[in-house]
> 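Encoded as structure tokens, here's the structure I'll be asking about.
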Amino acid sequence: MRLRLVLPATFLITLSILSPVVIAARAPAQNSSGAKPFDLIGWNGGQIVYGVDYYPEAEGPVDKDAGMMQAAGINFVRMAEFAWAKMEPTEGHYDFAWLDGALKVLNAHGIKAVLGTPSASPPAWLMAKYPDIAAMDENGVRYRYGSRRNYCMNNPHFLAAVRGIVTAMAEHYKNHPGVIGWQIDNELGGPDCYDSLCLAAFQKWCRTKYGSLDAVNKAWGTVFWGHTYSAWPQIPLPWNTLYGVHNPSLELDYHRYFSDASRDFLVMQADILRRIAPGKAITHNEMGLFDNIDYSHLNTALDFVAWDNYPMIDFSSHATYENYEGAGLAHDLMRGSRSQQNFMVMEQEGGLPGWNTFWGHQAPPELYRVWAYQAIAHGADGVCYFRWRTSRYGTEQYWQGVLDQDSYPNARYGIVKQMGGELTRLKQILQGTRPVSQVALLVSPDARWAFHIQTLVKGFDYNEQLHRYYGSLRRQGLNVDVVFPQSDLSAYKIVIAPSLFVLTPELAQKLAAFAAGGGTLVLTYRSGVKDEHNVFTDETLPGPLARLAGIAIHDYDPQTSQDQEIVMNGRHYPAKVWFDILTPGTAETLATYDKEYYAGSAAVTRNQLDKGNVYYVGTEPDAPEFYDSLLAGILRGAGITPGPPLPEGVEMATREGDARKVIFLLNYTASNQAVPVGEAYHDALSGAVTAEPVELPPYAVRVLVK
Ligand code: GAL
């Protein structure tokens, strides 16, 4: 858990997946009325935002850098998110002269800026004066100065200092035309802090949510082991206990509390910025599949979503270059976390990732351009590479920027420049367009947290399940929207809702209404098991979904040592992780188990309603072909035509708007590929009319329009 203090985005995702310990937070689904429209392209003077993360406090000379940036088509920088000590060298004395100077030069080269509020890295003088700003681990030990994200977000001295620097930045830059927005903090999401302030904050959160201790005791089932609370101060944080076990209901609420507290911290800063410097957009750099925070809740406080995309870190389960679907899923989740509003990538991998202690993969330079186009294809209206130049100092000396320390215009710079030139040609085509999908993948933050609390079975990975269904849809050439429990489902023909382990009555009802209205719903194993308090249902599984799915589950097998197989249409597929043994009621059996005492029992079912259909997949088939075959049938049934056949390593994604459709074909491989799109298109990058099939040389990007 300590690592969460310091490590970058994608690494954190992995840790949170692997760690059964406390991950953190958010509260009940709220009805969002949909995101405010925000035209990112218009926002940046009508251009697609194309930038680099830049650190003039440590590098330069700025005039040479700005010249090279401009030559590469760069029109945007993000700066200052770790420069608190430089902007406030001593308490209450602010110095923006160095930043003003950099902005002046950058602006003169047509480059605008988002400034980061620097709360992720409190200065040494502040933490020396108020040592209790440092977060406390679960053993009651405060972290020592160093690293970053090392603060307690409930500490009044810290909050006062944050308000001070944010106010000073807002005042200083409120009328600056070259500063177009703010990024609040940097990758919120940790650490968990176990000091008395955070304890009191959690107790207060519980009090606000439940009103009375009776309600808490009832919701959490504290009768178990006699954990009944008779005064608010008795409520603990989920910290070190003997055997490391906690009440799962308390833990789920802790996750919600932590997510809410992170949002409150962000809102405190956003309020200052909006009050003093209205008219500048507010965002935060998020982390895709990272789940300490319910982004769908956090993001209602932003003007637009931004996130940090590092596809070449191989320890993140699905983000290597062989598996571009991982980055695609993260893009779509980020877009879905603000009601499908277009977003930007605030940190797009621009070179080899490496820290003191780990490395990612080096990519062929061309691939950095393909990744950046993938972001755009999935709804990004801006891409900003991390970082302009590899740092000479500190922990990230091996985390390559576009340039290396010697500033030589290397191959990556050449690629970035190529794309910079291309984007000016695309802005008209892309303006007003966004990905559109008839299929949605539903992510439940509550279910994800609950699985972290009780890891249940070896090999279970909520995100892996998302990936399996998502990957199959993308292989069939379809866009996918990621939605959340509070999302409006009416635009979709198919909703895939994996492992709804924790289920509120509202969501159960919404899904029932969706299917009754003619939608196709796909449910998977371990659904309907717990109520919203993480308490087991006393109904026959899948609990509130049993009637809808037309099945009962009287027995299950949590991954015994043998391999399991299922048989569907005469074909065998390996299956793993979990086996719900289904007893069909009104449902028909589509696949059966092939082994163990329950061989021949139903593994996959379909319940046909008057209008809609509900599928239940009781296990995790371990073969892409299974998903392709099941989903091909489901798509046919729902009247959705898949895209053209795609060779492995080629992705298709589309954006639509103003009666215009833009097709992106992305070749992630080092080989020539071809895609039969069916008709001739205009290739917006080359200006040529395409032949059939469309040829894709290694690492090619095609942007096709009529
Ligand atoms: C991100 C972080 C950046 C930088 C980058 C590479 O997670 O926001 O500041 O650290 O990772 O490590």
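Just so you know, ligand 1 is whichever comes first in the structure, and atom 1 is the first atom listed for that ligand.
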> Looking only at heavy atoms, what is the nearest atom pair of Met346 and Asn285, with distance?
CB-CB, 4.1 Å
> Run the numbers for me: atoms of ligand 1, each under 4.0 Å from some heavy atom of Asn186, listed by number.
2 (C), 8 (O), 9 (O)
> With respect to Phe96, which candidate in His176, Glu171, Met169 satisfies the side-chain contact (heavy atoms from CB on, under 4.5 Å) definition?
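Considering His176, Glu171, Met169, a side-chain contact (heavy atoms from CB on, under 4.5 Å) with Phe96 is found only for Met169.
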> Hey, which atoms in ligand 1 end up nearer than 4.0 Å to a heavy atom of Asp308?
8 (O)
> Can any side-chain N or O of Arg412 pair as donor or acceptor with the backbone N or O of Gly350 at less than 3.5 Å?
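A pair under 3.5 Å: yes.
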> Can you find an N/O atom of Glu81 closer than 3.5 Å to an N/O atom of ligand 1?
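Checking ligand 1 against Glu81, no N or O pair falls under 3.5 Å apart.
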> Verify salt bridge (Lys or Arg N to Asp or Glu O under 4.0 Å) between Glu59 and Arg389, making sure each step is shown before the conclusion.
CA-CA 8 Å; Glu59 54 183 321; Arg389 187 190 288 108; 2.6 Å; yes
> N/O of Glu187 under 3.5 Å from N/O of ligand 1, yes or no?
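N/O-N/O distance under 3.5 Å: yes.
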> Looking only at side-chain N and O atoms, does Tyr310 offer a donor or acceptor that is under 3.5 Å from a partner on Glu347?
yes
> Relative to ligand 1, is Met287 under 4.0 angstrom through side chain, backbone, both or neither, heavy atoms considered?
neither
> May I ask you to check if ligand 1 and Tyr55 share an N or O to N or O distance below 3.5 Å?
no
> Is it the case that the side chain of Arg387 and the backbone of Gln400 share a donor-acceptor pair, with hydrogens and angles ignored and the cut-off at 3.5 Å?
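Not a single qualifying donor-acceptor pair exists.
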> Have a look at ligand 1 and work out which part of Asp53, if any, has a heavy atom under 4.0 Å from it: side chain, backbone, both or neither.
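For Asp53, there is no contact with ligand 1 at all, from either part.
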> For ligand 1, indicate whether the residue Arg148 contacts it via side chain, backbone, both or neither (heavy-atom separation under 4.0 Å).
side chain
> Any atoms of ligand 1 less than 4.0 Å from a non-hydrogen atom of Glu396? List them with their elements.
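Per the distance check, 4 (C), 5 (C), 6 (C), 10 (O), 12 (O).
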> Out of Phe265, Tyr143, Tyr130, which one pairs with Tyr151 under the ring-ring contact (aromatic ring centres under 6.0 Å, His included) rule?
Phe265
> Counting each atom of ligand 1 from 1 as listed, which ones have a heavy atom of Phe82 under 4.0 Å away?
9 (O)
